[in-house]
Protein chains: 2
Amino acid sequence: MKIGELAKRSGLTAYTIRYYEQIGLLPAPDKDASGQRDYDASILTWIEFLGRLKATGMPIREMLRYAALREKGSATDAERRTLLEAHRRKVRDHVADLQANLLVLDAKISGYADAEKRIETQHDPVKRKPLRARRPRTL
Amino acid sequence: MKIGELAKRSGLTAYTIRYYEQIGLLPAPDKDASGQRDYDASILTWIEFLGRLKATGMPIREMLRYAALREKGSATDAERRTLLEAHRRKVRDHVADLQANLLVLDAKISGYADAEKRIETQHDPVKRKPLRARRPRTL
DNA sequence: CCTTGACTTAGAGTGCGCTCGAACACCTAG
DNA sequence: CTAGGTGTTCGAGCGCACTCTAAGTCAAGG
């Protein structure tokens, strides 16, 4: 498969694929007679995994370390596992942090909701502003 | 309080505080006779809230929209609430995504653990096709 | 008085992760 | 034969969020 198709199938752009190859995140594929990259479908699995590392906030430098270990073969399995476990810990911590902040956000939003309610019922309870009628303004 | 103390108390650097003021994220404080910023302690509450927005991945541009609404007073409460609700939805989605990826990560780590076990118990290890050597660009 | 250290400004530099421009090569359809 | 589309390389540029430099001001302590 050529780079354009891999781009479509992987969700990366051709630019990004070449960039990843350049930095060593993707293995250099075989080239055809006219020098064009010819990818094996199996690369998609690796790209998908990289996507998960990225989605969980792993910086490229660390993915690179993982990629380098992977290229050295199964002798590095233990080290790779350690790396992933460390990453997992960070992700879990991050999730916990996000959840804590969500609670504060909930409280803040409730505060706005309460204030709104007070205003609605304060002077003119009959003529309520319908909650669904509001639209955000263009900024 | 001067900028140095605010930096210590808020956890931001003085550079960042000036930068935030410059872009409109922090209100311009009063200046003393010699032109130095004189902060009210109440700014800490705002900085802390900004920190939560940042920690939950809100880009500065959006914080700026919130800050602008805040400066306009309580007439913008409904809009601010809408903004925060939209953000909360994004954060929740992101957390769900992270958790899904954590499950995959768990599976991957278990895979390494299993492989390790197989080797330890002297069963045939998975034979991998060696990956080709390549020259990564230094990052 | 003089030094030290915290402050001021405008603007330049950094690190990350892409993203694109330029100029050229190659294949396929009309 | 030629135009269009896809590919190639190298290096520059971009958007974000800071981070720091340079050159200067100012107040307090020794």
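By convention in this document, chain letters (A, B, ...) are assigned in the order of the sequence lines, proteins followed by strands, and residues within each chain are numbered from 1.
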For D40(A), what residues pass the side chain to side chain donor-acceptor pair (under 3.5 Å) criterion, not counting sequence neighbours?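 With neighbours one apart ignored, the set is S42(A).
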
Write down the distance between [atom1] ([X]) and [atom2] ([N]), rounded to a whole number of angstrom.
X	N	atom1	atom2	answer
D30(B)	dT8(C)	CG	P	13 Å
D32(B)	dC7(C)	CG	P	11 Å
I17(A)	dT19(C)	CD1	P	12 Å
L25(A)	dC16(C)	CG	P	14 Å
M58(A)	dC16(C)	CE	C1'	16 Å
R18(A)	dC18(C)	CZ	C1'	13 Å
E21(A)	dG17(C)	CD	P	19 Å
Y15(B)	dA10(C)	OH	P	16 Å

Atom of [X], atom of [Y] and distance for their closest heavy-atom approach:
X	Y	answer
L44(A)	M1(A)	CD1-CE, 4.4 Å
L98(A)	A55(B)	CD2-O, 3.5 Å
L25(B)	W46(B)	O-NE1, 2.8 Å
E21(B)	R37(B)	OE1-NE, 2.7 Å

Which residues in residues 3-11 of chain B have a heavy atom closer than 4.0 Å to any atom of DNA chain C?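 Residues of residues 3-11 of chain B under 4.0 Å from DNA chain C: I3(B), G4(B).
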
Strand-adjacent residues in residues 34-54 of chain A, judged by heavy atoms under 4.0 Å from DNA chain C: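 Those residues are S34(A), K54(A).
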
Nearest nucleotide by nearest heavy atom, which residue falls closer to the 5' end of DNA chain C, T16(A) or Q22(B)?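 The answer here is Q22(B).
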
Please collect all salt bridge (charged side-chain N to carboxylate O under 4.0 Å, His left out) contacts where either partner lies in residues 101-112 of chain B, sequence neighbours excluded, each pair once.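 Every salt bridge (charged side-chain N to carboxylate O under 4.0 Å, His left out) pair that includes a residue of residues 101-112 of chain B, provided the two are not neighbours, is R88(A)-D106(B), R92(A)-D106(B).
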
Enumerate the residue pairs fulfilling salt bridge (charged side-chain N to carboxylate O under 4.0 Å, His left out) with a member in residues 47-56 of chain B, sequence neighbours excluded, ordered by first and then second residue.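 Pairs touching residues 47-56 of chain B that pass the test: E48(B)-R52(B).
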
5' to 3' contact window, DNA chain D with chain A (heavy-atom distance under 4.0 Å):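 Extent of the interface on DNA chain D: dG7(D) to dT9(D).
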
Please work out whether the ring planes of Y112(B) and Y66(A) are parallel, tilted or perpendicular, with thresholds of 30° and 60°.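 Perpendicular, since the angle between the ring planes exceeds 60°.
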
Please examine the side chains of R9(A) and I43(A), heavy atoms only from C-beta on, and report whether any two atoms are closer than 4.5 Å.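 No, too far: nothing below the 4.5 Å cut-off.
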
Near D93(B) CG, under 6.0 Å, is it more than 12 heavy atoms from other residues, nucleotides or ligands?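 Yes, CG of D93(B) has more than 12 neighbouring heavy atoms, counting only those of other groups under 6.0 Å.
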
Identify, between A14(A) and A33(B), the residue whose nearest nucleotide on DNA chain D lies closer to the 5' end.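 Result of the comparison: A14(A).
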
If hydrophobic clusters are built by linking Ile, Leu, Val, Met, Phe, Trp and Tyr wherever their side-chain heavy atoms come under 4.5 Å apart, do F49(B) and I23(B) end up in the same one?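 Looking at the clustering, I23(B) is in the same group as F49(B).
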
